[in-house]
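Sharing a structure below in structure tokens format, with a few things to ask.
These numbers come from a predicted model, not from an experiment. Numbers for residues simply follow the sequence, beginning at 1. Note: hydrogens, waters and symmetry copies are ignored here, and every other heavy atom, side chains too, is used. Note that ligands are numbered from 1 as they come in the structure, with each ligand's atoms numbered from 1 the same way.
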Amino acid sequence: MTTHAQFASNPGHAASWYAATANQKSVRPALQGEIAADVCIVGAGFTGISAALELSERGYKVIVLEAERIGFGASGRNGGQIVNGYSRDLETIERRYGQEKARALGAMSLEGGDIIRGRIEKYAIDCDLRHGGFFAAFTQKQIRDLEAVKAKWEKHGHEHLEMVSHAAVSKYVKTDRYVGGLIDKCGGHIHPLNLVLGEAAAAESLGAIIFENSRVEKIGTGNEPVVATSKGTVRAKHVLICGNAYLGKLFTKITDRMMPVSSQVMVTEPLEPKLIEGLLPADYCVEDANYVLDYYRRTADNRLLYGGGIGYGGQDPKNLTAIIQPNMLKTFPALAKARIEFAWSGNFALTLTRIPHVGRISDTVFFSHGDSGHGVTTTHLLGKILGEMAAGQAERFDVWASLPSLPFPGGKALRVPLTVLGAWWYGMRDRLGL
Ligand SMILES: Cc1cc2nc3c(=O)[nH]c(=O)nc-3n(C[C@H](O)[C@H](O)[C@H](O)COP(=O)(O)OP(=O)(O)OC[C@H]3O[C@@H](n4cnc5c(N)ncnc54)[C@H](O)[C@@H]3O)c2cc1C
């Protein structure tokens, strides 16, 4: 591991390649004293900042309170993969919640990616956007599953999907691990911390104020609720709670419906352009079709960024590289000598249904969290929808809020071991090709 001497430090963030290469490193001030706003947003990840930008564009006075730094949570640490759709497939959504709900969610399922690309263009956000994603299959069973996903998606108007034969895998990734896969030309990848920082700057340019190092300790739920940190208060007409897996004990009524889960990412040293271009010729992002999956992509400075691993309950494993590097070497034996320069962990919020948990705490306080493993696009969509809700348009919010949220079986004490057992079972099925 290097000391990252070539990069300026960026305190308050995980020691990631993203933090080291962030476009903005200056720290915003913390909230001090009393202030009033139309909308107060708790948490400056994709969800909170997406809502802030939506509301700022509509002319609302917005204050964002972030406990640490903008993008401190999953939004500034993830694989950067723009994956369309939700963490639960549309088929299951239809089976569980009926055709009408599936149609409504299906109609929104490409919007998150469109929001991202639209904002990057509109605000000239420099975040290394690349187009295209590849879902890689290890087995014929996974190929059949991907074919079913494609057919279902096409019913919902997604026309950018193409099955990839075994022979054509090497156009996207040079490895002998996969038997084929599915490409989504509407997917892609970004430097996620630079995306959220760019969106935050866009919201600020329209009048939003973002306070960092301002952990919210209390939120009123009545008319004109007051949101309090240790040093100040914000009185607002509406409050949007967007703290996701990092929300801690605030509002246990809603945090009980999600479980923090960690995933780990590591980044190699810059590779010879010929080598990295040879491994990922199309510059698509890749994720495999296993239950506990590997995800990887090129970075703009020719590194390989490789993610995987899972920690139910949100543990931060000690030797991150030892967890991920063996998988990377299975995929790309040619990288045996590549130095690993960065490795970090981050938490996303998992719900039992894998569907985001969206709702009202009162008539003035709303929340969205639990986008589970695929949240880059969904958080952008739901942040926008939270913004619509605060602006008095409840229609799309209510579609999401009407979906049932279920507690994890086993309560606080047993929910982690029971989920680990479930994941072990699905992992075993993957290993046996079932
Ligand atoms: C390692 C990793 C890799 C991933 N890879 C991908 C991927 O490639 N593609 C994909 O689609 N998804 C991926 N995800 C999931 C995706 O990153 C998340 O779903 C998404 O970023 C969640 O955004 P968010 O804004 O809801 O939460 P976060 O980004 O976690 O933001 C929540 C913010 O709220 C703040 N906060 C919490 N409590 C308080 C409080 N009391 N007061 C003030 N602020 C508070 C936190 O500090 C944090 O900054 C990954 C997640 C992880 C962890």
Atoms of ligand 1 close to G43 [distance to a heavy atom under 4.0 angstrom, numbered from 1]: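 Numbered from 1, ligand 1 contributes 33 (C), 34 (O), 35 (C), 44 (N).
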Close approach, S372 and ligand 1, non-hydrogen under 4.0 angstrom: yes
Sub-6.0 Å ring centroid separation between W17 and H191: yes
Contact check: D371 vs ligand 1, nitrogen or oxygen atoms, below 3.5 angstrom: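 In fact, backbone or side chain, D371 has no N or O that close.
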Separation between OG1 of T175 and CG of L279, rounded to the nearest 0.5 Å: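 Going from OG1 on T175 over to CG on L279, the span is 9.0 Å.
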Salt bridge flag under 4.0 Å for residues K152 and E94: yes
Element-labelled atoms of ligand 1 that are located less than 4.0 Å from some non-hydrogen atom of L65: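 Every atom of ligand 1 under 4.0 Å from some heavy atom of L65: 43 (C), 44 (N).
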salt_bridge(R117, E121) N-O dist < 4.0 Å: no
Nearest-neighbour protein heavy atom for atom 10 (C) of ligand 1, which is reported as residue plus atom name and distance: V376 CG2, 3.2 Å
Salt-bridge criterion met for D38 and R58 (N-O under 4.0 Å): no
N/O separation below 3.5 Å, Q81 to ligand 1: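 Yes: some nitrogen or oxygen of Q81 is under 3.5 Å from one in ligand 1.
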For ligand 1, the portion of A349 having any non-hydrogen atom under 4.0 Å away: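 Looking at A349 and ligand 1, no heavy atom falls under 4.0 Å.
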Distance-only N or O hit between ligand 1 and R77, under 3.5 Å: no
Residue selection (non-hydrogen contact nearest atom 35 (C) of ligand 1) among R297, E66, H13: E66
Nearest neighbour in protein (non-hydrogen) for atom 26 (O) of ligand 1: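 Heavy-atom neighbour on the protein nearest atom 26 (O) of ligand 1: T47 OG1, 2.8 Å.
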Minimum-distance protein heavy atom relative to atom 43 (C) of ligand 1: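 Heavy-atom neighbour on the protein nearest atom 43 (C) of ligand 1: A67 N, 3.1 Å.
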N or O contact, V42 vs ligand 1, cut-off under 3.5 Å: no
Stepwise ring pair (Phe, Tyr, Trp, His ring centres under 6.0 Å) check, W153 with Y86: CA-CA 11 Å; W153 272 96; Y86 312 115; 7.6 Å; no
Test of ring centre spacing under 6.0 Å for F367 and F251: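 Centroid separation for F367 and F251: 6.0 Å or greater.
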Exceeds 12 heavy-atom contacts within 6.0 angstrom, atom CD of E154: yes
Per-atom contacts, ligand 1 versus Y246 - under 4.0 Å to a heavy atom: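 So the atoms of ligand 1 that pass are 30 (O), 37 (C), 38 (N), 46 (C).
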Nearest non-hydrogen protein atom, atom 29 (O) of ligand 1: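 In this structure, atom 29 (O) of ligand 1 has S75 OG, 2.5 Å as its nearest protein heavy atom.
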Nearest non-hydrogen protein atom, atom 4 (C) of ligand 1: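 Ranked first by proximity to atom 4 (C) of ligand 1 is N78 CB, 3.0 Å.
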Heavy-atom nearest neighbour in the protein, as seen from atom 42 (N) of ligand 1, with distance rounded to 0.1 Å: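 For atom 42 (N) of ligand 1, the nearest protein heavy atom is V216 N, 2.9 Å.
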Atom CG of N223: over 12 foreign heavy atoms under 6.0 Å: no
Close approach, S214 and ligand 1, non-hydrogen under 4.0 angstrom: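 Yes, S214 has a heavy atom closer than 4.0 Å to ligand 1.
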Protein heavy atom at shortest distance from atom 14 (N) of ligand 1: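 Result: G373 O, 3.3 Å.
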N244 CG to L247 CG distance, which is reported to the nearest 0.5 Å: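 Going from the CG atom of N244 to the CG atom of L247 covers 8.5 Å.
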Heavy atoms from other residues, nucleotides or ligands near CG of D363 exceed 12 (cutoff 6.0 Å): no
Proximal candidate to atom 16 (C) of ligand 1 [heavy atom criterion; set S263, G375, G45, G383]: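 Ranked by closest heavy atom to atom 16 (C) of ligand 1, first place is G375.
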Nearest option to atom 36 (N) of ligand 1, as decided by whichever heavy atom of G243, G112, C285, G370 sits closest: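 Among G243, G112, C285, G370, the closest heavy atom to atom 36 (N) of ligand 1 belongs to G243.
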N-O pairing of R28 and E204 below 4.0 Å: yes
Check: A74 N/O within less than 3.5 Å of ligand 1 N/O: yes
Any N or O of V83 closer than 3.5 Å to N or O of ligand 1: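 N/O-N/O distance below 3.5 Å does not exist for this pair.
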Sole residue of F46, Y246, Y18 in ring pair (Phe, Tyr, Trp, His ring centres under 6.0 Å) with F72: Y246
Ligand 1 contact by A245, heavy-atom criterion under 4.0 angstrom: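 Heavy atoms of A245 never come under 4.0 Å of ligand 1.
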E68 and R215 ion-paired at < 4.0 Å: yes
Region of I82 that comes within reach of ligand 1 [heavy atoms, distance under 4.0 Å]: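 It is neither part, as no heavy atom is under 4.0 Å.
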Side chains of N84 and H158 in contact at under 4.5 Å (non-hydrogen atoms): yes
Per-atom contacts of ligand 1 with C242, taking only distances under 4.0 Å to non-hydrogen atoms: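 With C242 as reference, the close atoms of ligand 1 come out as 32 (C), 33 (C), 34 (O).
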Numbered atoms and elements of ligand 1 in range of G346, under 4.0 angstrom, heavy atoms: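 The atoms of ligand 1 under 4.0 Å from a heavy atom of G346 are 53 (C).
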Per-residue contact class, P192 against ligand 1 - non-hydrogen pairs under 4.0 Å: neither
Parallel, tilted or perpendicular, as decided by the 30° and 60° cut-offs, for the rings of W344 and F342: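 Geometry flag for W344 against F342: perpendicular rings.
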Within the 6.0 Å centroid threshold, strictly below: Y284 and F134: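 Ring centroids of Y284 and F134 are no less than 6.0 Å from each other.
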Ligand 1 N/O within reach of H374 N/O, cut-off under 3.5 Å: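 No, no N or O pair falls under 3.5 Å.
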Under-4.0 Å heavy-atom contact with ligand 1, by part of T378 that carries it: neither
Proximal ligand 1 atoms for G79, defined as those under 4.0 Å from one of its heavy atoms: 3 (C), 4 (C), 5 (N), 6 (C), 7 (C), 8 (O)
Numbered atoms and elements of ligand 1 in range of Y295, under 4.0 angstrom, heavy atoms: 1 (C), 2 (C), 3 (C)
Numbering as shown, the atoms of ligand 1 that approach L250 to under 4.0 Å (heavy-atom distance): 41 (N)
Contact (N/O only, under 3.5 Å) between F46 and ligand 1: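 There is such a contact, yes.
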Ionic contact status for R396 with E388, cut-off 4.0 Å: yes
